[in-house]
Amino acid sequence: MQETPPLVVDVDGTLTGPDQAVAPRAMTVLAEWPAPVVVATGKAFPFPVALCQFVGIEPCVIAENGGVVFVGESDELVFGGDPEAVDAFVAAYRERGHTLGWGDVDLANRWRETEIAVSLDQPRAPLDELAETHGLTVIDTGYAYHVKSPGVDKGTGLRAVAEELGHEPEDFLAVGDSINDVATFELAGESVAVANADEHAAAAADRRTDAQYAAGFLEAVEPYR
């Protein structure tokens with residue numbers, strides 16, 4: 001068995017099945033991992049913090065695709081991007097008669113602070129147009145369109161976390177499935193895409209698992225267990 005590296009891991013599509021439920025076996029791996037674990041997600045900050053607490057590990061998270069970074073060990077909380085530009089984008093988007101697509105009780109964005117998530121059933125063209133107008137960018141993670149500041153991503157989050165923990169980004173094993181994981185894949189010493197990964201993550205990874213979703217995560221970390 002190889003020495004266990006620090007781990008940076010995506011949630012949706014990586015720790016979950018297609019139903020977005022975190023697999024119990026994946027939670028066990030995180031709980032037993034002997035090195036630091038960083039949960040890196042496009043979801044709003046409370047979601048990965050809650051996951052860490054329910055798993056029983058120190059909260060160490062990259063949320064909102066790098067827009068929010070928290071290291072519980074040192075109580076360090078950092079925000080990135082341009083929230084004012086995102087607010088202006090949302091106002092202009094709604095003025096055109098569009099909605100974010102999540103209904104009146106918008107749990108996808110209720111606690112979001114640095115970017116906005118738009119349902120995939122909404123039209124893409126106005127998102128791109130208005131994002132460019134406000135100096136923002138749009139990424140499709142397979143679960144939502146994320147309208148965010150350029151230059152802020154999971155990679156910038158990993159750099160911040162690694163520095164706070166006294167590691168280099170290349171010390172980490174990264175596991176993920178989507179275009180928003182490419183930035184961590186490019187920095188980590190080893191990167192693994194699960195079999196359901198999109199073309200961007202698959203191309204950027206050092207290796208790809210045979211199994212999909214959480215079973216793929218278990219396969220990815222097996223050499224270190």
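Because the structure is a prediction, the values reported are computed rather than measured. Heavy atoms only: backbone and side chains are in, while hydrogens, waters and symmetry mates are out.
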Contacts of Tyr213 that satisfy ring-ring contact (aromatic ring centres under 6.0 Å, His included) - sequence neighbours left out: none
Minimum heavy-atom distance between Gly189 and Asp206, given as atom pair plus value: O-OD2, 3.9 Å
Heavy-atom pair with the smallest gap, counting every atom of Ala220 and Arg207: O-NH2, 2.7 Å
Within 6.0 Å of CZ in Arg110, more than 12 heavy atoms from elsewhere: no
Thr114 side chain near Val86 side chain, heavy-atom distance below 4.5 Å: no
Phe47 side, atom CZ; Thr41 side, atom OG1 - distance, nearest 0.5 Å: 9.0 Å
Close side-chain approach of Pro59 and Gln53, heavy atoms under 4.5 Å: yes
Flag if over 12 foreign heavy atoms under 6.0 Å of CD, Glu73: no
Nearest heavy-atom neighbours spanning Ala205 and Ser191: CA-OG, 3.4 Å
Non-hydrogen atoms of Pro46 and Trp111 that approach each other most closely: CG-CB, 3.6 Å
Nearest-0.5 Å distance that lies between atom CD1 in Ile139 and atom CD1 in Ile179: 6.5 Å
Heavy-atom pair of closest approach, residues Glu219 and Ala211: OE1-N, 2.9 Å
Interatomic spacing from CG in Leu130 to CZ in Arg96 - rounded to 0.5 Å: 4.0 Å
Any donor-acceptor N/O pair, Thr209 side chain to Ala195 backbone, under 3.5 Å: yes
Residues, nucleotides or ligands: over 12 heavy atoms within 6.0 Å of Phe54 CZ: no
Gap separating the OG1 atom of Thr141 from the CG atom of Leu120, nearest 0.5 angstrom: 6.5 Å
Let me check something: any side-chain donor-acceptor pairs from residues 5-14 under 3.5 Å, sequence neighbours excluded? List them with distances.
{"residue": "Asp10", "atom": "OD1", "partner": "Lys154", "partner atom": "NZ", "Å": "3.1"}
{"residue": "Asp10", "atom": "OD2", "partner": "Thr14", "partner atom": "OG1", "Å": "2.8"}
{"residue": "Asp12", "atom": "OD1", "partner": "Gln20", "partner atom": "NE2", "Å": "3.2"}
{"residue": "Asp12", "atom": "OD2", "partner": "Lys43", "partner atom": "NZ", "Å": "3.4"}
{"residue": "Thr14", "atom": "OG1", "partner": "Asp177", "partner atom": "OD1", "Å": "3.4"}

Side chain proximity check, Val68 to Arg112, heavy atoms < 4.5 angstrom: no
From CH2 (Trp102) to CD1 (Ile116), nearest 0.5 Å: 10.5 Å
Residue from Val61, Leu77, Leu165 passing side chain to side chain contact (heavy atoms under 4.5 Å, CB included) with Val71: Leu165
Side-chain heavy atoms of Asn65 within contact of Asp153, under 4.5 Å: no
Step-by-step side chain to side chain contact (heavy atoms under 4.5 Å, CB included) determination, Leu15 to Leu30: CA-CA 10 Å; Leu15 295 178; Leu30 299 184; 3.8 Å; yes
Side chain to side chain, Val29 and Arg225, heavy atoms closer than 4.5 Å: yes
With sequence neighbours excluded, residues passing ring-ring contact (aromatic ring centres under 6.0 Å, His included) with Tyr93: Phe89, His98
Within 6.0 Å of CG in Asp121, more than 12 heavy atoms from elsewhere: yes
Gln122 and Thr99, any side-chain heavy atoms less than 4.5 Å apart: yes
CD (Glu163) with more than 12 external heavy atoms under 6.0 Å: no
Pair Ile62-Val161, side chain to side chain contact (heavy atoms under 4.5 Å, CB included): steps then yes or no: CA-CA 8 Å; Ile62 301 167; Val161 168; 4.0 Å; yes
Chi angles and distances behind the side chain to side chain contact (heavy atoms under 4.5 Å, CB included) call for Asn180, His146: CA-CA 10 Å; Asn180 63 343; His146 292 258; 5.6 Å; no
Approximate separation, where rounding is to 0.5 Å, of Asp87 CG and His134 NE2: 10.0 Å
Within 6.0 Å of CZ in Arg124, more than 12 heavy atoms from elsewhere: yes
Heavy-atom check, side chain of Lys148 versus side chain of Glu64, under 4.5 Å: no
Stepwise side chain to side chain contact (heavy atoms under 4.5 Å, CB included) check, Asp128 with Glu132: CA-CA 6 Å; Asp128 290 327; Glu132 183 177 1; over 6 Å; no
Polar side-chain atom of Asp181 near backbone of Ser178 as donor-acceptor pair, under 3.5 Å: yes
Closest heavy-atom pair and its distance - Leu136, Pro150: CA-CD, 4.0 Å
Exceeds 12 heavy-atom contacts within 6.0 angstrom, atom CZ of Arg208: yes
Side-chain (Ser149) to main-chain (Asp82) donor-acceptor, under 3.5 angstrom: yes
